[in-house]
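Step one of this worksheet: look at the structure below.
These figures come from a predicted structure and were not determined experimentally. In what follows, residues are counted from 1 in the order of the sequence shown.
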Amino acid sequence: MHECRRFEINDLGGTIPSEMSGLTALMHLYLNDNSLNGPISSELGGLIALVNLEMPNNLLTGTLPSELGRLGPLEDLCAQARRETLTIYWYDT
């Protein structure tokens with residue numbers, strides 16, 4: 001069974017909770033179209049089964065944590081920002 005969490009268009013604010021890293025069976029995470037802000041937590045690198053991560057149209061800042069680039073199954077990543085404040089670096093492992 002594919003574990004999926006859909007939080008898009010929920011008017012969520014604040015930072016992405018680092019506690020999400022405990023959801024190690026999570027394969028699909030949709031956080032798009034909210035008001036999430038601040039940096040993306042490196043703790044999301046603990047989502048070892050993650051295949052899809054979508055978080056466009058938020059107010060995220062900083063850089064994409066290198067830990068996300070090390071997630072083996074990750075196929076789709078969308079981190080478009082409303083403002084040009086998110087810098088994405090992809091790391092090959």
Q: First locate atom CG of L29, then atom CZ of R5, and finally report the distance between them rounded to the nearest 0.5 Å.
A: 9.5 Å

**Q.** Residues which pass side-chain contact (heavy atoms from CB on, under 4.5 Å) with S42, listed by chain and number, not counting sequence neighbours
**A.** P65, E67

Q.
To the closest 0.5 Å, what do you measure between OG (S18) and CD1 (I40)?
A. 13.5 Å

Q.
Let me confirm one number: the OG-CG distance from S21 to L23, rounded to the nearest 0.5 Å.
A. 8.0 Å

Q: May I ask whether Y30 and L53 are part of the same hydrophobic cluster, defined by side-chain heavy atoms of I, L, V, M, F, W, Y residues being less than 4.5 angstrom apart, directly or through others?
A: no

Q.
E8: which residues meet the salt bridge (charged side-chain N to carboxylate O under 4.0 Å, His left out) condition with it, sequence neighbours left out?
A. R6

Q.
Restricting to non-hydrogen atoms, name the atom on H28 and the atom on V51 that form the minimum distance, rounded to 0.1 Å.
A. CE1-CB, 4.3 Å

Q) Considering all heavy atoms of both residues, which atom of L31 and which atom of N58 are nearest to each other, and what is their separation? A) O-ND2, 3.1 Å

Q.
Between N34 and F7 (side chain of the first, backbone of the second, donor and acceptor by atom type, cut-off under 3.5 Å), is there such a pair?
A. yes

Q | Audit row: I16, L44, side chain to side chain contact (heavy atoms under 4.5 Å, CB included) steps and yes/no | A | CA-CA 9 Å; I16 299 172; L44 291 182; 4.0 Å; yes

Q | Test side chain to side chain contact (heavy atoms under 4.5 Å, CB included) applied to L36 and M55, step by step | A | CA-CA 9 Å; L36 296 169; M55 45 191 171; 5.8 Å; no

Q) Just wondering, do L74 and L47 contact through their side chains at under 4.5 Å, heavy atoms? A) no

Q) Got a second to check how far L26's CG is from T24's OG1, nearest 0.5 Å? A) 9.0 Å

Q. Stepwise, does the side chain to side chain contact (heavy atoms under 4.5 Å, CB included) test hold for I48 with R70?
A. CA-CA 9 Å; I48 57 175; R70 295 186 186 105; over 6 Å; no

Q: Taking side-chain contact (heavy atoms from CB on, under 4.5 Å) as the test, write out the residues that go with T15, two or more places apart.
A: N37

(Q) Looking at D11, I want to see if its CG is surrounded by more than 12 non-hydrogen atoms of other residues, nucleotides or ligands under 6.0 Å. (A) no

Q: Can you measure from CG (N32) to CD (E54) and round to the nearest 0.5 angstrom?
A: 5.5 Å

Q) Can you tell me if N57 uses its side chain to pair, donor with acceptor, with the backbone of D33 under 3.5 Å? A) no

